[in-house]
Amino acid sequence: MKKYIFVTGGVCSSLGKGVAASSLGALLEGRGLNVRMVKCDPYLNVDAGTMSPYQHGEVYVTGDGAETDLDLGNYARFTSGPLSRANSITTGQVYDAVIRKEREGRFLGRTVQVIPHITDEIKGRILAVGKEDTDADVVIVEIGGTVGDIESIPFLEAARQLIHELGRGNAISVHLTLIPEVAGGELKTKPTQHSVKAMQEQGIQPDILICRAPIKLDEATRRKIALFTNVETDAVFTSYDIDTTIYEIPLVFYDQQLDQVVLKKMGVEARHANLSAWYAMMEKFAARKGKVRIGIVGKYMELHDAYKSVYEALFHAGLACGVEVELAKIDSAKLEETQDPETILGKAAADGGVDGVLVPGGFGQRGINGMVKAARWARETRAPYLGICLGMQIMVIDWGRHVLGWDDADSSEFNPDSKHPVVSLLEEQVDVKDYGGTMRLGNSESLAEPGTKLMAAYGSAHIWERHRHRYEFSNKYKEEMTESGLKTAAFTSNGSLVECVEWPDHPWGLGVQFHPEFKSKPTAASPLFRDFIAAVKSRVTHQEV
Ligand code: GLN
C-alpha cells in the first residue's frame, strides 16, 4: 500500500515548507524508501511559466519541459525521485481540465461543482503520481499557501477526503507552523494552536507538527502544544534557526527522530537510516577554506528566489571545490549606467570587486547593456565567466559589437530592427502568439566538441540538460563569429543549433544555451558550475601567490 503524506503550512508563509517537505523526503530515502514529491499550488495560472520572477521567484523547469514552482527545485536538490509535469498541480490546471471535460459533455448533464468535481480532479492527479509509478512507496504532497487562505480550500478538502478514504496510517498530515518570539525572549504557542484549529475546521487533524522557532523547543513547550492540538508530544518537532546551510535540515530532523515517528504513524518497517551522503556533505561544508566572490549580473537582484537554482548551484560548486562562494548580486541596470565597469566589478570597487562573473537567464530588454558590459569586462580582464541561456546570448552580442565591430549587434528580442541580429528567433517560433509553454523547453541532448572546456567539465560529448528559451545563436553569423575566434563548443544533436560558445585564449569563459543549475545537488554539483568555481579559485590563489 502506498503511503501519502500531506504537508501543509499555517500562521504565515515563508516558513520553509518546501525545505521541510524535501528534508522529510531525504530522510525517508535514507531509510530505503522510494519517495515522490508533489506540489499543489493554489494559484490560477496553469503553470509558473507566465509569472514574473518578482511574483513567484524562479520558474523551475523539469526534464519533460514543465515550467513549475520553485519548490520542485528543492525536491530535486534534496531527493532523487523523478520529477515531471505530473508532480506540479495548480488550480489553473485543475479548473482547465474540469472545464474542458464539461465542454466535452463528459459530466452527463450534472451541475459541475467545486465539490466533488474540482476535488475529484485534484485527488485523481495526486493518486496518479503513486499509481503510475509502481516503484513509489511514499508520496509527499505539499499544499502551497497557508491554511485559512480561500484559494487552498479545495486542496485541503481533497486531502481530507483522501486521508479518510485511504485510512489513517495510509495518509497522514504534517503541519508546519511558526512559534514566534516576543519581546523578552518568550516563545509563543498561540498562533500554532490557532493554526491547528484552522486545520481541524477543514476536517484534518494533523498527526505531526513541525514548528519553526528561533531555538529548539523544550519538552514543556512541546507538551503544551500537544495538549492544545491533539498531537502527541513526541510528534511535535522544531525546525529551529541554523546558521550553517538549509541542507543540514534533514540532519536536524533526524536528530529529533522525525523519520521514526513518521514511519511509526504509517506503520512502515524500514531499514536503518543511511544518511552518509548528508553527513559527508556537511563535512565538506565545514572543511571549506577561503572565499571567492562571484558577481551575478542580472535584473531581479532584490529577490533571492528569482535566481534560486543558480545560487544553490554556486553553493554546491563551492562544496565541491572546498571554497566558500560569496554572492555579489549586481543589478545590471546599475552597470549599464556606469562609464567604467571596473568601478563595480574590478579590484577598485568599494567592496573589492568580483573574482568571476555569472550572467543568468532572463527575458526582456531592461539591463541588457549592463550584462554586455559585464561580459566584455570578464573577457578583457580574463575573469572566469559563466553565461547561462541569456548569459550565452550576451556573450554573442558582446562579440558581435566589440570584436566584429557591429555596433548594433543584438538579439532580435531586444532590438527587432538591428542590422546584425546575432541572436534571433527560429523560423518555427516566428508565428507563435501564446506565451504559456511555447518556448524550447526541457531536456535535450547537446553534443560537445572535443577539446572544449565544456567537454572537459562533463567528461563526455553527450550532455543532457534542460532548456527554456525562444531565441537562438543566429547561424547566419556563425562563420564570421567563428572565423574571428569565438568557439562554438556544442551543437544540438542534429547539428543545427549552437548550444555553447567559449572565448578563445581565456582562462574560462563559457556560455551555454541550456540551464545546468536545475540538475545541481549539494551532494553532486553541476559539473559546469564546479569547473567555473574551480577556475575562479585557481585564479584567485594564483594572484595571491
Ligand atoms: N530571453 C532569452 C530567450 O528567450 C533567454 C531566455 C533565458 O535566459 N531563459 O531566448
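All ligand and atom numbering here is 1-based and tracks the order in the structure. The model shown is predicted, which means the values in this text are computed figures rather than measured ones.
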Give the intermediate values and the outcome of salt bridge (charged side-chain N to carboxylate O under 4.0 Å, His left out) for residues D351 and R293.
-> CA-CA 10 Å; D351 55 12; R293 267 189 113 223; 3.4 Å; yes
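Residues lining ligand 1 at a heavy-atom distance below 4.0 Å are given as G361, G362, F363, C389, L390, Q393, E413, R468, H469, R470, Y471, H515, ordered by chain and residue number.
Classification of R379 and D398 as a salt-bridged pair holds, one side-chain N sitting under 4.0 Å from a carboxylate O. No salt bridge links R382 with D505; every basic N to acidic carboxylate O contact stays at or beyond 4.0 Å.
Checked against the 6.0 Å centroid threshold, F78 and W278 count as a close aromatic pair. Centroid-to-centroid, the aromatic rings of F514 and H469 stay 6.0 Å apart or farther.
K329 forms a cation-pi arrangement with Y311, by the criterion of a distance under 6.0 Å to the ring centre and an angle within 45° of the ring axis.
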